[in-house]
Structure formats: structure tokens, C-alpha cells
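What follows is a set of notes on a single structure, which appears directly below.
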Protein chains: 2
Amino acid sequence: MNDLAKQFGANLRQVRKGKGISQDNLALLAEIDRSYIGRIERGEVNITLDKAYQLACALECDLVELLPPLSKA
Amino acid sequence: MNDLAKQFGANLRQVRKGKGISQDNLALLAEIDRSYIGRIERGEVNITLDKAYQLACALECDLVELLPPLSKA
DNA sequence: ATGTGACTGTTAGTCCGTA
DNA sequence: ATACGGACTAACAGTCACA
């Protein structure tokens, strides 16, 4: 998958670990299958906007935190 | 479609018009089908992360500008 | 607690046309 | 220049079993 997904996944994992919760827990919080969350973190899938929001919401963080830093022109 | 998509579409349209370019031109710039851009602006579809980036990039704007303002916890 | 293969259903995304 | 639709293909969404 592209760098975008990889970066997003890396950020997601970092925030998740920062909160001290497992993929399992996040799966429950975000109502997304655990195996799918794993794939997102590994940057294997190109998720849709609403999934990105679900995750940000479940982690109680700003979506901007999860987005790759290149989000500036 | 959900509010997320509607908001994104509204923002996209605003930025695009602000730059004074047509859906056709944006389609060429972002390499996204014109009819699909119309659907995005109308909030009919739930786009993927890379499309969101393509659009932000084509409009030479920060992705955050296109995202709904609720992007804060 | 996580990675991975295999799989199915659904939707993202394109192409072509009409108004 | 844009809205809207049909038909189509590629990709995502979502689940399970197993390591």
C-alpha cells in the first residue's frame, strides 16, 4: 500500500499504544474487526474517511493527529 | 451519505470555487473522474484517504481545510 | 495479543450517456 | 459547466480460522 496508509497506520499504532490499549480493545471501541485494525496499522489497506473518523473518535483524539504530517501544502 | 461526506463535499466545492476552477479542471488535475467529483461534492460517496489527498494536493491546499471542522475531540 | 490467508458482500471509482 | 443515471471493474469492508 502507499505511504499514506503506512503513515496513517503508524500514527494510529502510536496513539493507540500511547493510550495503553490493545488492538482488541480498540476493535471493541471503534466497532471494527480486530484483524482489520491490524491491517490498517500495517498500512495494508486504504481506508475510507468514515473509518478514519471512527478510529479517531474511538481513540478520543483529533483526526489530524492520525493523518500524515505532509498535510500541508 | 453521512454528514462527514456532505461536509467534505461542501468544503471541497468551496475551495475549488475559491480557486476559480471547474469540476472538469479539477478532474484533470487530481486525475479523478469528473462525474465522481460531482458525487463527492454532493456528499454521495464515502471516499478513501488517498482520494482525499489527491484532491487536497490538486487544490494545493491542506487536507485539514477539506475535513469537517469537528475534527477535534 | 498480533499477523496472515482465504473468502464473500458491498462500495469506491470509471466510463459513457442524457438533460 | 454541472447534475444525474446505468453499467461495469477494482478495491474496500468485514469475518473466520490458525499460527
Side-chain angles (χ1 to χ4, degrees), chain A residues 1-68 70-71, chain B residues 1-68 70-71:
Chain A
M1 191 53 52
N2 54 41
D3 289 345
L4 200 60
K6 287 201 182 71
Q7 260 298 322
F8 184 90
N11 292 347
L12 177 63
R13 176 162 297 185
Q14 188 177 355
V15 173
R16 175 178 63 78
K17 292 209 167 185
K19 301 258 177 183
I21 66 184
S22 66
Q23 287 184 356
D24 259 330
N25 285 336
L26 180 54
L28 291 173
L29 288 169
E31 293 182 314
I32 296 176
D33 194 79
R34 184 195 59 72
S35 72
Y36 195 57
I37 290 192
R39 289 188 169 110
I40 293 172
E41 289 192 352
R42 271 170 269 133
E44 294 177 6
V45 288
N46 180 25
I47 65 175
T48 49
L49 269 190
D50 67 338
K51 283 282 165 289
Y53 266 92
Q54 272 179 252
L55 289 167
C57 183
L59 286 172
E60 293 177 331
C61 79
D62 194 324
L63 176 56
V64 178
E65 287 185 55
L66 299 180
L67 294 172
L70 50 126
S71 49
Chain B
M1 192 51 54
N2 54 39
D3 289 345
L4 199 61
K6 287 201 181 71
Q7 258 299 323
F8 185 90
N11 293 346
L12 177 64
R13 176 163 297 185
Q14 189 177 357
V15 173
R16 176 178 63 78
K17 293 209 168 187
K19 300 258 179 183
I21 66 184
S22 66
Q23 287 184 356
D24 258 329
N25 284 335
L26 181 54
L28 291 172
L29 288 169
E31 293 181 313
I32 295 176
D33 194 78
R34 188 194 58 70
S35 75
Y36 196 55
I37 290 193
R39 286 179 179 149
I40 294 171
E41 290 192 351
R42 273 173 265 133
E44 295 177 5
V45 287
N46 180 24
I47 66 174
T48 49
L49 269 190
D50 66 338
K51 287 287 173 241
Y53 265 92
Q54 277 177 246
L55 288 167
C57 183
L59 286 173
E60 292 177 330
C61 78
D62 194 323
L63 176 56
V64 179
E65 287 185 55
L66 299 180
L67 294 173
L70 49 125
S71 49

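Atom set for the values below is all heavy atoms of this structure, side chains included, hydrogens, waters and symmetry mates excluded. Here is how names work: the chains are called A, B, and so on, in the same order as the sequence lines, proteins then strands, and each is numbered from 1.
- The shortest distance between the side-chain N/O atoms of B:Arg34 and the OP1/OP2 oxygens of D:dC4 is not below 4.0 Å.
- Per the geometry, CG belonging to B:Asp24 stands 14 Å off P belonging to C:dC15, to the nearest Å.
- Of the residues listed (B:Leu29, B:Leu28, B:Val15), the one engaging B:Ile21 in a side chain to side chain contact (heavy atoms under 4.5 Å, CB included) is B:Leu29, and it is the only one.
- The CD1-C1' distance, from A:Ile37 to D:dC12, rounds to 15 Å in whole Å.
- Straight-line distance from the CG atom of B:Asp50 to the C1' atom of D:dA10: 13 Å, rounded to whole Å.
- Dashed line: the shortest gap from a side-chain N or O of A:Arg42 to OP1 or OP2 of C:dT4 is under 4.0 Å.
- For the pair A:Arg16 and C:dA1, the criterion of a side-chain N or O lying under 4.0 Å from OP1 or OP2 is not met.
- Checking C:dT4, C:dT2, D:dT2 against the side-chain heavy atoms of A:Glu44 singles out C:dT4 as nearest.
- More than 12 heavy-atom neighbours from other residues, nucleotides or ligands sit within 6.0 angstrom of CD on A:Glu44.
- Atoms CZ (B:Arg39) and C1' (C:dG17) sit 12 Å apart, rounded to a whole Å.
- When all heavy atoms are compared, the tightest approach of A:Gln23 to A:Ile37 is O-CD1, 4.2 Å.
- To the nearest angstrom, C1' of D:dG5 lies 13 Å from CG of B:Asp33.
- Taking all atoms of both residues into account, the shortest heavy-atom contact from A:Ile47 to A:Leu55 is CD1-CD1, 4.4 Å.
- Across every non-hydrogen atom of A:Leu12 and A:Leu66, the tightest pair is CA-CD2, 3.8 Å.
- The environment of A:Lys17 atom NZ is sparse: at most 12 non-hydrogen atoms of other residues, nucleotides or ligands sit within 6.0 angstrom.
- Proximity note for A:Ser35 (side chain, C-beta onward) versus D:dT15, C:dA1, D:dC4: the nearest is D:dT15.
- B:Ile32 places its CD1 atom 9 Å from the C1' atom of C:dG13, with the value rounded to the nearest Å.
- B:Asp24 and B:Ser22 form no side-chain donor-acceptor contact under 3.5 Å, judged by distance and modelled atom types alone.
- Distance B:Leu49 CG to C:dG13 P: 10 Å, rounded to the nearest Å.
- An OP1 or OP2 oxygen of C:dG13 is reached within less than 4.0 angstrom by a side-chain nitrogen or oxygen of B:Thr48.
- Axis angle, first five pairs versus last five pairs of the helix from C:dT2-D:dA19 to C:dA19-D:dT2: 40°, rounded to 10°.
- Nearest nucleotide to the B:Lys51 side chain, out of C:dT14, C:dA1, D:dA3: C:dT14.
- Between the CD atom of B:Glu41 and the P atom of D:dT2 there is a distance of 8 Å, given to the nearest Å.
- Among the heavy atoms of the strands, none lies under 4.0 Å from B:Gln54.
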